[in-house]
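Beneath this line is the structure, given in structure tokens, with notes to follow.
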2 protein chains.
Amino acid sequence: MADEVKLYRTWSSRFSLRIVWALHIKGIEYEAIFEDLSHKSPQLLQYNPVHKKVPVLVHKGKPICESLVILEYIDETWKETTPLLPQDPYEKAMARFWAKFVDDKLLPSVWSVFTEKGYEAKKEALVPAVQNLEIIEEQLKEKNFFGGESIGYVDLALGWIAYLLDVFEEVIDLKLFDAHKFPLLSGWMKNFCDAPAIKQHLPPRDKLVTRFQLFHEKFQTAN
Amino acid sequence: MADEVKLYRTWSSRFSLRIVWALHIKGIEYEAIFEDLSHKSPQLLQYNPVHKKVPVLVHKGKPICESLVILEYIDETWKETTPLLPQDPYEKAMARFWAKFVDDKLLPSVWSVFTEKGYEAKKEALVPAVQNLEIIEEQLKEKNFFGGESIGYVDLALGWIAYLLDVFEEVIDLKLFDAHKFPLLSGWMKNFCDAPAIKQHLPPRDKLVTRFQLFHEKFQTAN
């Protein structure tokens with residue numbers, strides 16, 4: 001089928017999930033190809049020779065890589081349904097700025113709490129992570145979603161915190177996120193996870209806990 | 001003036017220069033405000049409270065930060081003159097992918113050759129930097145510019161290598177770039193620097209050498 005859409009993903013990749021959610025929000029039919037990253041398929045290596053990573057979206061035989069780039073491609077290609085980015089150039093620039101902030105600042109800072117060795121180092125890594133969460137909290141004033149009344153580009157970029165923060169907390173046994181301190185973000189997490197396109201496409205929590213427990217042990221024992 | 005354009009920059013910032021070049025390519029009048037990053041102005045801190053960095057473009061009183069985000073804003077706002085990004089969603093996705101590669105992979109790898117301490121460590125850091133340059137070389141086949149026949153988004157993102165690689169080489173006394181090994185990139189550098197909008201807005205080479213010599217000494221003597 002000439003117009004076919006394929007998505008190379010894993011079951012748990014937080015970058016792949018952005019694309020899964022976007023495709024379901026837009027109602028785009030696609031075939032999911034689940035990769036085992038310890039034995040990457042020849043197709044994945046052919047389609048993403050630079051990074052060799054998921055997600056890769058293949059549309060009409062042509063591959064697109066990098067989750068934020070894929071989201072913009074999806075929005076520009078399937079324009080007629082549920083826009084993900086605002087039309088106004090300034091609002092669009094703001095959405096791009098915040099999605100970039102999520103990837104460049106928030107995600108590495110939270111990840112470093114997860115990967116740091118020992119309680120003291122984790123507590124120290126928590127400071128910038130919480131500061132970055134505060135910056136995000138500030139952006140939600142008077143809005144249900146970062147995209148306004150419905151889920152958009154920034155919501156999809158930030159989606160991982162809605163289902164992963166509490167998995168991380170259980171695995172590392174440290175409070176990352178105080179709902180009282182982040183009432184807006186806390187409300188957003190609930191709204192986000194309750195949206196049908198998201199709810200039906202979240203990885204099982206118990207499988208995530210097991211997966212991140214293994215990861216965490218590896219980081220804690222690594223030299 | 002309600003429609004005024006201001007650019008907060010420094011004389012040498014490679015991210016600011018992307019915006020300077022784009023504004024001149026598009027023929028957009030603007031006021032440049034030169035920042036001293038050791039004494040940042042209250043305006044810069046107000047306009048970019050998250051990163052506190054240049055460049056910041058202020059258009060009609062509203063600030064936009066992050067150089068790649070600014071480039072897209074400029075292209076979408078001043079549509080009528082010299083497009084920087086392709087119109088086709090797939091070609092646009094490719095441009096975004098490569099600009100992101102420049103910032104996420106190429107730039108840090110080259111910078112790490114500059115910052116590593118001592119000859120052996122620098123030689124080691126050179127391996128991924130050269131691999132990344134090879135990946136970029138591959139993208140120039142059958143094209144004068146990454147944007148095709150004229151300078152576009154990826155060319156502006158990559159612009160720093162055209163005038164900085166050879167400054168770095170002089171400062172660290174190590175060959176980073178062999179023109180024979182990179183004939184296409186070498187040709188591109190010449191074409192890029194010869195374009196009037198670029199040529200007239202390159203920082204003076206001797207000032208760059210002095211600046212990066214100071215930087216380099218700092219890195220070589222840091223603990």
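Proteins get letters first, then strands, A, B, ... in listed order; numbering begins at 1 in each. Just so we're clear, the structure is a prediction, and the values are computed from it rather than from any experiment.
Contacts of residues 122-155 of chain B with chain A at a heavy-atom distance below 4.5 Å involve B:Ile135, listed in sequence order. Contacts with chain A (heavy atom to heavy atom, under 4.5 Å) involve these residues of residues 97-107 of chain B, listed by number: B:Phe97, B:Trp98, B:Lys100, B:Phe101, B:Lys105.
Judged by distance alone, the side chain of A:Tyr90 and the main-chain N or O of B:Pro63 form a donor-acceptor pair under 3.5 Å.
A:Arg96 places none of its side-chain heavy atoms less than 4.5 Å from the side chain of B:Glu66.
Rounding to the nearest 0.5 Å gives a distance of 6.0 Å between NZ of A:Lys62 and CD of B:Glu91.
Looking at every heavy atom in both residues, A:Ala93 comes nearest to B:Ile64 through CB-CG2, 4.0 Å. When every heavy atom of B:Tyr73 is checked against every heavy atom of A:Pro89, the shortest pair comes out as CD1-O, 3.5 Å.
For CD of A:Gln46, the number of neighbouring non-hydrogen atoms (other residues, nucleotides, ligands) closer than 6.0 Å is greater than 12. No more than 12 heavy atoms of other residues, nucleotides or ligands shown are found within 6.0 angstrom of NZ on A:Lys53.
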